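Read through the structure below, which is laid out as structure tokens, and then see the notes.
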Amino acid sequence: MPRARMVAGATDPMTEYKPQQLDKKWQQAWTSSHAFEVDHDASRPKFYCLEMFAYPSGYAHVGHVRNYIIGDIMARTKRMRGYNVLHPFGWDAFGLPAENAAIKAGTHPEPSTLDNIAHMKGQLQRLGISYAWEREIATCLPEYYKFNQWIFLKMFERGLAYRKRSTVNWCPSCQTVLANEQVVDGACWRCGTTVVARDLEQWFFRITAYADQLLKGLDTLTDWPEKVVVMQRNWIGRSEGARVKFPIAAAKGGAAGDRIEIFTTRIDTIYGATFVLLSPEHAVVDRFAAESSDPQAFRDRVAKFRTLDREARLTGAIEKEGFDTGRTAINPFTGKAVPIWIANFVLAEYGTGAIMAVPAHDQRDLEFARKYNLPIRIAVRSGGATTAVETMTEASTNYGTLVDSGEYTGQEAPAVLTRMIADAEKRSIGTGEVQYRLKDWGVSRQRYWGTPIPIVYCDKDGVVGVPYEQLPVELPKVTTFTGRGDSPLTQVPEFVNTKCPKCGGPARRETDTMDTFVDSSWYFLRFCDPNNGSLPFDPAAAAYWMPVDFYSGGVEHAILHLLYSRFFTRVLRDVGLITFDEPFKRLLTQGMVLKNGAVMSKSKGNVVDPDDMLAKYGADALRLYVMFVAPPEKEVEWSDAGLEGSFRFLVRVWRIVDHWADLLGGRGGNGGTGAMIAGDLTDAERALRRKTHDTIRRVTSDIEDRMHLNTAVSSLMELVNELYGFTEGTSRGVPTRSAGAERLRPERARGPALRSPVEPPQTIAVLREAIDALVLMLSPFAPHTAEELWGMLGHADNLSKARWPAFDAEVAKAEEVVVPVQINGKVRARLTVRAGASDEELREVALADAAVRQHTAGKTIRKVVVAKGPLVSVVVQ
RNA sequence: GCGGAAGUGGCGGAACGGCAGACGCGCUAGCCUCAGGAGCUAGUUGGAGCAAUCCAGUGGGGGUUCAAAUCCCCCCUUCCGCACCA
């Protein structure tokens, strides 16, 4: 709404900056005009901007909010740049805290979850984050988790969801199973309790079937932080090697055994393999126990390794221990018998659960061999090393030339590896193999507040998927929670007892629920079509909006959430819903906000509530400060003084716009570019135009290309400073806090009106260009303030519909440049030269300069370099 | 142990081989003011000098280059990730 501002003599009350009122006013305006809701529009380029959705804990502190503001700057900028921007938000609403709270309070988790969502949504709305709220989703609602079940069934049909009994990580505190990814240093990722082993029948997703694809796909993620890519690569942990069979020698008086298969990446060292090590869980161990002279003693020792050491193994430091099974195997390359031992450091889950030990070339094996006095044999020599077996304290792990290795002696790694694997295959004693560190994803959770697994167990038909038309399998409204180890759903007979979908006979439902990481593995696809009742999303909608162009969130999700999402994307591709591989084109991992050096948390009592800041300074000052304080991916320490500074900047912007609004307002439009101000400009006017366009260039690239939001704000501050300087040189003088007549310096005041109603037209045009650009570029950061100022400047349309200012390289170009002259690397002079001077001219002017001559007097000029910049570098001796 | 990132004024941070310290916080001075913890203007890496200016300077040490905070090598420190993966 343009304001009528007529200058009437000496009194000219300044408009006051009242951010809280502006926040309210513009938030209402955006909501009622559906400013940020979007539709599929194939005629326009799309931009999908997403921040990781939130767990509804009940409150968002400034650390959380930083991420949403980052995304909002991007979304608002892209909108102004002409993109059809999808910027949705939702809630990762299932999970343990809500259930635990419900157990404590004897209530149901749903109402509190919905309350929390309502409160946090209010917080985000008060910050003016431009979300398409009509697309809001909450994963705890049947409309959403129905499709978790749908996807589960698709995976079940494809053999990608399967059951197996396995030793799992059990958190005694959370009373649930954890995936490997959720165990951190042997402790629960959520509560920190030490994890223990348990044997359970579990559902798994076969993510390992996609291991190679997930690894290869990393190469295409060029707009991801290198750090995250590396973490994922290490997590997948591909290693190429060979599986080799070591035949087991018969026990005394017993039958000839079969064989132990080992996995090795260093088959070139196999002539140095002097014993075989089994993990305590290896399948052959029980048989060896049975065939031993004292089976009970044998089993006791194994049991000790299996239980006691497992804990130690998970937490890290463990003394290498083992014991002799009394059995031997034949090294198929040497043909010699080697002892078989059981060792606590051999992992059952990796490779074949058995290794060939090569003490000369593996540090762990060497330590083990020394401890138990087992033979050591050198099979590889590298770099002319001559270490003797007797004195060896460090295994030589380098590749080199093979020694004492039969027909391979003298050959060199890595070529010899290929040859040996090929030979092993010919002789049927081994085969080339690729192993991954990545494990299948255990998704069963013995909890209530999650998605029921849509499976029915029938005595006759076995494991049966719930038919699609019967989805969703709804969570029953259980209100009594015990927190016991079993799934709470086992205590709800009307849920458990059902009919078999195949035969109609009595059957039992699966009572475990899904890991909540399932919910977050595809929610970004649901946003494309959030109300679809028959499919997770319409393929056409996903084809238009996906992939996510800009995704931001915490580094803590660098592995889990992002890897699972990449996996789900490929599964849904194979199901036929989408055609792309990677869900997130560009990723930003935002840094945390610390208070008193620690991450904010309720328990530490160091939470900064955005609402408190809003009440004091308004949403825009908070938004601006959080963006200005540091680059988005950096951790920052919260500072009240910094926030105050950002508020001051907004007041300064407000004041300068208000100062000129009477002359610029009322005329409206976007006039004041190019032709209109082509007339005679003063030096000051040309300088302001140059600054304006240079700022447009810098801010645009800082936001869109570099994501340096802090320097984008700096540039805007510089432009404001320039505007103050320019204004000081006009008849009006600079604005002061209360722009009353008596505040103006007498010598600045010209004519009777203290705000002169007249300025030369080109001055007004230049100012309009600068101030319009300033307000437009400020708007992603401080949208409420910018909208209000935009109206004050006489623009009829809301700024949320306005276009980003255009950069004019011609204008930004300076007619004169200052060229530094270095002599022997030190700047000794600065020349003011017309822009575009040739290298030859620069060289001549530089050498003619008095200061330069002074520094070169009596010396020989050996070299003169004219560098782009420009800059002249003179070398003298 | 392996892998990654980072070390720049009193502080947060700028500078994608080319003028180190943009911008902000803090501080200092002047103006304006009854007053100001407001605002405006100016100054603010350290040292020397009235000054122009000079010297030193981006964790430490070497190197490449006309030119290094930036690239390379070694070392130190901090943070993060993985951690017996055969």
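Computed from a predicted structure; not experimentally measured. Each chain gets a letter, A, B and so on, in the order its sequence line appears, and its residues count up from 1.
OP1 or OP2 of rC66(B) sits under 4.0 Å from a side-chain N or O of Lys863(A). Within the structure, a side-chain polar atom (N or O) of Arg652(A) is placed less than 4.0 Å from OP1 or OP2 of rU41(B). Here Lys826(A) reaches the OP1 or OP2 of rA56(B): one of its side-chain N or O atoms lies under 4.0 Å away. The shortest distance between the side-chain N/O atoms of Asn721(A) and the OP1/OP2 oxygens of rG24(B) is below 4.0 Å. For rA83(B), the OP1/OP2 oxygens have a side-chain nitrogen or oxygen of Arg437(A) closer than 4.0 Å. Checking the phosphate oxygens (OP1, OP2) of rG3(B), no side-chain nitrogen or oxygen of Arg233(A) falls inside 4.0 Å.
If you take atom P in rA68(B) and the same atom in rG61(B), they sit 15 Å apart, rounded to whole Å. Nucleotides rG10(B) and rU65(B), compared at atom C1', are 35 Å apart to the nearest Å. Look at the P atom in both rG37(B) and rG30(B): the space between them is 13 Å, to the nearest Å. Atom P of rA69(B) sits at a distance of 12 Å from the matching atom of rG21(B), rounded to the whole Å. For the P atoms, the distance linking rA15(B) with rG1(B) amounts to 34 Å, nearest Å. Atom P of rU70(B) sits at a distance of 26 Å from the matching atom of rC80(B), rounded to the whole Å. On the C1' atoms, rC11(B) is 30 Å away from rC71(B), given to the nearest whole Å. Atom C1' of rC32(B) sits at a distance of 24 Å from the matching atom of rC25(B), rounded to the whole Å.
Remark: Arg586(A) is not positioned above the aromatic ring of Trp224(A), lacking an NZ or CZ atom under 6.0 angstrom from the ring centre and at most 45 degrees off the axis. Cation-pi geometry between Lys320(A) and Phe345(A) is met: under 6.0 angstrom from the ring centre, within 45 degrees of the axis.
The partner of rA52(B) is absent, by the rule that a Watson-Crick or G-U pair needs both atom distances under 3.5 Å. Searching all strands for a Watson-Crick or G-U wobble partner of rU33(B) with both distances below 3.5 Å returns nothing. Nucleotide rU28(B) has rA42(B) as its partner under the Watson-Crick or G-U criteria, with both atom distances under 3.5 Å. With a cut-off of 3.5 Å on both pairing distances, rU65(B) has no Watson-Crick or G-U wobble partner at all. Remark: rC79(B) base-pairs with rG4(B). Criterion, Watson-Crick or G-U wobble with two distances under 3.5 Å.
In the set rA67(B), rG24(B), rA83(B), the nucleotide with an atom closest to the side chain of Trp235(A) is rA83(B). Picking from rC66(B), rA86(B), rG3(B) the nucleotide with the shortest atom distance to the side chain of Phe345(A) gives rA86(B). Residue Arg828(A) has its side chain nearest to rC55(B) when only rC23(B), rC55(B), rG39(B) are considered. Here the nucleotide nearest the side chain of Gln822(A), chosen from rC80(B), rG24(B), rA67(B), is rA67(B). Listed nucleotides: rA86(B), rC23(B), rU41(B). Nearest to the side chain of Tyr724(A): rU41(B). Checked against rC40(B), rC23(B), rA20(B), the side chain of Glu718(A) finds its nearest nucleotide in rC23(B).
A salt bridge links Asp219(A) to Arg233(A): at least one charged side-chain nitrogen sits closer than 4.0 Å to a carboxylate oxygen.
When rounded to the nearest whole Å, the span between CZ of Arg648(A) and C1' of rG24(B) equals 9 Å.
Glycosidic conformation of rG9(B): syn, with the torsion inside 90° of 0.
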Report summary line: Once base and sugar-phosphate atoms are separated, protein heavy atoms under 4.0 Å mark nucleotides 7-15 of chain B, 5' to 3', with B, S and - as -----BSSS

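Annotation: Tyr625(A) is in aromatic contact with Trp638(A) [ring centroid separation under 6.0 Å]. Aromatic rings from Trp341(A) and Phe323(A) are positioned such that their centres are separated by 6.0 Å or more.
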